[in-house]
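Note sheet for the following structure.
All figures in this text were calculated on a predicted structure; none of them were measured in a lab.
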Amino acid sequence: GCCCFSTYSFSTCCCCPCCCCCPCCCLLTYLLTSTGSFMISSLSSSCHLGRIGPSFAFSFVRGLSSSSTRDRIHVTNHVLNKGWANASFFGGAHGYSNKPREKDGRILNMSILSMVSTDGVLSRVFPSLAVATRYLSTQTPPTSKQSFVEKFFDKDRITVKDATNFNRWALIPPAVAIHLSLGSVYAWSILNSGLTREIGVVAQAANDWSVVDVVPIFSIICFMHGLSAAIVGKWQEKVGPRKAGVYGALTFGAGLFLAGLGTEFHSLYVALASGVLIGSGIGLSYVPPVSTLLRWFPDKRGLANGLTVMGFGGGAAISSKAISWYINRFQEPPQFVGPVDEVNVMIDGTGTKVVEIAGKLQEVVIATEASLKSLTFDGLAEGVYLAGTGTTGTTMTLVALGTMYMVVMLGSALTMKLPPPQYHPHHDPVVNVAKQHAEEKWLHKTQKSKYPMVSDKCVHINDVMKTPQFWQIWTTFSAISLAGMGMLSVANSMIIDMFQPTLPMVTVGFATSYVMALSAANLGGRLVWAAVSDRIGRKNVFTVYTLASIPLYASLPYFIHEAAATHSATPLFGYYASTMLLISLFGGSYSTTMAYEADVFGDKFVGAVHGRMLTASALGGLFGPTLITQFRGLKERESLSEITSQVDATKFTETFGTSPDNLDTLISNNGISITRLLEIAPSGVVDPTPYLYDTALYSAAGLLTVAAISNLLMRPVHPKFHMKEEDPAHLDIPHIPENNCNDSRKRSNNSKT
């Protein structure tokens, strides 16, 4: 009789010519499975195993799981030996074999109990079959062979198995190199001048972009930096720093190439789109080096964070020099038409200047002594220049920067390594072990009393945004970011606008050096304040950031007014020093925010938490530059309107080709400026250019007041948000154990994967 209790005649199975099978059972099991041909063998004398009565052995031809043959035999023997069914497990016709063999691309695991069905006839007759079926169905199917690229980027491949002889300090240079490349965007303000003169070159043409047009590129970069970091935070933790770094390098470089393309074809939409790619590249590449060093330096969180992100702050110091060199290398002066008094310049109804050349009206621009002072061309004379000829060198500069930074970031990303689980630098060959243990003992002794914000518990990534502490840090960080990003976005043009009218020493070269000084302050602040935070605590250092920034921002208009009134360089130095200190505090906030999050929420998910926290940076990057330029634009329009009301209407019409009633049209077409308007204004009219940023600076001081209050109200996370042992692990990213986080929320082996 057959296992389905029907009468049958022996026949040879197509899958195994040595076994005699019941055709109906073979067909039944084939239909019950979607992969492979199953064979239910009736043990008879033809199998050379003798007669065993109602006992049957079942073999399947296609393996269903990645578990080994020996493991399956062990489990099924365990099930059968329980006595749940009168069945015995035997080897196949040729005995037990633990080696799978290949046939038609299938893995043939012979001599294993077959999984048939949990609700069919056989499972009701032999309950042991259902038990075995349920076990085998829970096993993971065999994975496909990894490609070379998958193996190269595999996270296990870059994890150091034995860190005893690994020098963790060797990972700092590539991490800093990545951030130096990313930090080049802080020198973007140097490019604004060229972007606003791409057609006129020596002066703005009618269709040239304004500062209000080009500053949003930097805003989008900063916004996408934070937004993309928040979106890909979990993915970065899953794939590791190598893969994320490579993707980030390619995206960042492609964004700079696209910016050059948009500049070449004078497409503002393409230029704005490049900000999306550049910012996304920063978001992909920013967090992995930081989180990697935090894992390698659990004993020096602030220092590790500061060493990494100081590169981001110091990137502008290198890129500002590189940008200036590339611009001087690639720029070409426009075609000179002639002196102003020898050329018949006509002005149409929109304020566009044109001259007749070879019987055709062509647009021209007028280069004055004041405008030439703000350029890097040598030997250019005042006069009329043909628009659309020459180049500012901005296009090729962006392409060159994209190539350089892509190569540096790719090389650095490929060298990143992860520490083994539960890593602690007890055997670090570089660090003095005795000193290290002394520091750890000191920190452990004082953190509870001196640093109440430091917690040895962890908050799950899915619960972090439910805590008020997350939003308090977010509010403080976004306010600092908004004010700092606004200043950095226009630092170059800002110091020229405010001090060049009264202090001749403020030239283009001086402004470039000022940007480099701000970059150095950013770099130094990230390193110094990070080290300070390890000593006084993260909450205390954020209190310094906010409370010190309030009077500093409020004092900047005073220095500007004093310089305009006294024509003295002393207020300039006061402004210089105050802004450097402000940017150092701004940089310090970036280097310590991640450590602040690790203190408050634990460092188990610090990378993903910081990705979400960078949305504050995204907000600051989007609205900081926009607000400061909008405040400036409103003040400029107000000043132009006020000066125009004091100018004789006839002179105005002769100079600008239209009546004062069309002032708004002239402003929108770049047909008027404060400098040219002052040339026909009555004597005694004060140049309002130095005061265009007063409203923005006072607003920044008020914003930092809100940040200070938010940080002062900071308290430890409520215990209800801490990870608990009975909570299910509902995060679909790899578990990353940390040595200084009390991981009481263990993953359950039965949790849903």
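For the atom pair CG of D208 and CD1 of I199, the computed distance is 4.5 Å after rounding to the nearest 0.5 Å. Here the OH-CD distance, from Y558 to E562, works out to 4.0 Å after rounding to the nearest 0.5 Å. Going from atom CZ of F510 over to atom CE of M505 covers 4.5 Å, rounded to the nearest 0.5 Å. Note that OG1 of T593 is 3.5 Å distant from CZ of F542, once rounded to the nearest 0.5 Å. Of the inter-residue distances, the one linking I496 atom CD1 with S493 atom OG reads 7.0 Å to the nearest 0.5 angstrom. Rounding to the nearest 0.5 Å places CZ of F652 at 9.0 Å from CG of D661.
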Checklist entry - Taking it one step at a time, do N711 and T543 satisfy side-chain hydrogen bond (donor to acceptor under 3.5 Å, both in side chains)? => result CA-CA 7 Å; N711 184 68; T543 301; 2.9 Å; yes

Next on the checklist: Go through it in stages, so that I can follow the logic: the residues are N192 and N492, the test is side-chain contact (heavy atoms from CB on, under 4.5 Å), and I'd like the CA-CA distance, side-chain angles, deciding distance and then a yes or no.
Outcome noted: CA-CA 9 Å; N192 288 342; N492 186 274; over 6 Å; no

Item to check | Step-by-step side-chain contact (heavy atoms from CB on, under 4.5 Å) determination, L191 to T263 | outcome: CA-CA 11 Å; L191 295 170; T263 305; over 6 Å; no

Next on the checklist: Using the rule given for side-chain hydrogen bond (donor to acceptor under 3.5 Å, both in side chains), can you reason through S210 versus D213, listing the C-alpha separation, both sets of side-chain angles and the distance that settles it, and then say yes or no?
Outcome noted: CA-CA 5 Å; S210 66; D213 293 329; 3.1 Å; yes

Checklist entry - Does the side-chain contact (heavy atoms from CB on, under 4.5 Å) test come out yes or no for V384 and V345, once each step is laid out? => result CA-CA 8 Å; V384 181; V345 179; 3.9 Å; yes

Item to check | Worked check of side-chain contact (heavy atoms from CB on, under 4.5 Å) between F330 and T395 | outcome: CA-CA 9 Å; F330 296 122; T395 297; over 6 Å; no

Next on the checklist: Applying side-chain hydrogen bond (donor to acceptor under 3.5 Å, both in side chains) to W474 and T615, what does each step give before you reach the verdict?
Outcome noted: CA-CA 8 Å; W474 190 93; T615 56; 2.8 Å; yes

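Panel note: side chain E356, backbone L361; no donor-acceptor pair is recorded below 3.5 Å. T705 places a side-chain N or O within 3.5 Å of a backbone atom of A701 that can act as its donor or acceptor partner. Listed for the H567 side chain is no donor-acceptor partner under 3.5 Å among the backbone atoms of L503. Without hydrogens or angle criteria, Q204 side chain to R197 main chain gives no donor-acceptor distance under 3.5 Å. Within the 3.5 Å criterion, the main-chain N or O of S478 finds no donor-acceptor partner in the side chain of S481. For K353 (side chain) and M346 (main-chain N/O), no donor-acceptor pair under 3.5 Å exists by modelled atom type. Side chain of N328 to main chain of S324: a donor-acceptor pair is present (N/O by atom type, distance under 3.5 Å, no hydrogens or angles). In terms of modelled atom types and a separation under 3.5 Å, the side chain of S189 and the main chain of V490 share no donor-acceptor contact. Checked by atom type and distance alone, the side chain of S710 never pairs as donor or acceptor with a backbone atom of V706 at under 3.5 Å.
Listed here is the closest heavy atom pair of L386 and E363: CD1-O, 3.5 Å. When all heavy atoms of V541 and S533 are compared, the pair lying nearest together is CG1-CB, 3.9 Å. The two residues G262 and W209 have their closest heavy-atom pair at O-CH2, 4.0 Å. The nearest pair of heavy atoms linking I323 to L401 is CG1-CD1, 3.7 Å. The minimum heavy-atom distance linking P625 with G621 is given by the pair CD-O, 3.1 Å. Closest approach of V337 and Y385 over heavy atoms only: CG2-C, 4.1 Å.
For the residue pair Y545 / T476, no side-chain donor-acceptor distance below 3.5 Å is found, with atom types taken as modelled. Judged purely by distance below 3.5 Å, without hydrogens or angles, the side chains of E198 and T392 pair a donor atom with an acceptor atom. For T675 and S673, the side-chain atoms include no donor-acceptor pair closer than 3.5 Å. Side-chain N/O atoms of N207 and H266 include no donor and acceptor closer than 3.5 Å. For S641 and R637, the side-chain atoms include no donor-acceptor pair closer than 3.5 Å.
Looking at heavy atoms from C-beta onward, F223 lies out of side-chain contact with F623 at the 4.5 angstrom threshold. Under the 4.5 Å side-chain criterion, counting only non-hydrogen atoms from C-beta, S228 is not in contact with V276. Side-chain contact between F656 and L677: present, with at least one pair of heavy atoms (C-beta onward) separated by less than 4.5 Å. A 4.5 Å side-chain heavy-atom check between V354 and V364 finds every atom pair outside the cut-off. In this structure, H225 and L614 have side chains that are in contact, with non-hydrogen atoms separated by less than 4.5 Å. Residues M485 and F218 form a side-chain contact, since some pair of their non-hydrogen atoms from C-beta on lies under 4.5 Å apart. Contact annotation: the side chain of S578 approaches that of S555 to within less than 4.5 Å [non-hydrogen atoms, C-beta and beyond]. No side-chain heavy atom of T389 sits under 4.5 Å from any side-chain heavy atom of V201.
Other residues, nucleotides and ligands place more than 12 heavy atoms under 6.0 Å from the CG atom of D341. Around CD of E642, the count of heavy atoms belonging to other residues, nucleotides or ligands within 6.0 Å does not exceed 12.
Put simply, the residue from T665, T658, D664 that forms a side-chain hydrogen bond (donor to acceptor under 3.5 Å, both in side chains) with N662 is T658.
Here salt bridge (charged side-chain N to carboxylate O under 4.0 Å, His left out) pairs that include residues 476-488, with residues two or more places apart or in two chains, number zero. Judged as a salt bridge (charged side-chain N to carboxylate O under 4.0 Å, His left out), the pairs with a partner in residues 485-498 (not counting sequence neighbours) are, in order, D497-R632. Every pair passing side chain to side chain donor-acceptor pair (under 3.5 Å) that includes a residue from residues 501-519 is listed here, sequence neighbours excluded: Y514-T579.
A centroid separation of less than 6.0 Å is found between the aromatic rings of F477 and Y590. Taking the six-membered ring where the residue is Trp, the centroids of F559 and Y576 are separated by 6.0 Å or more.
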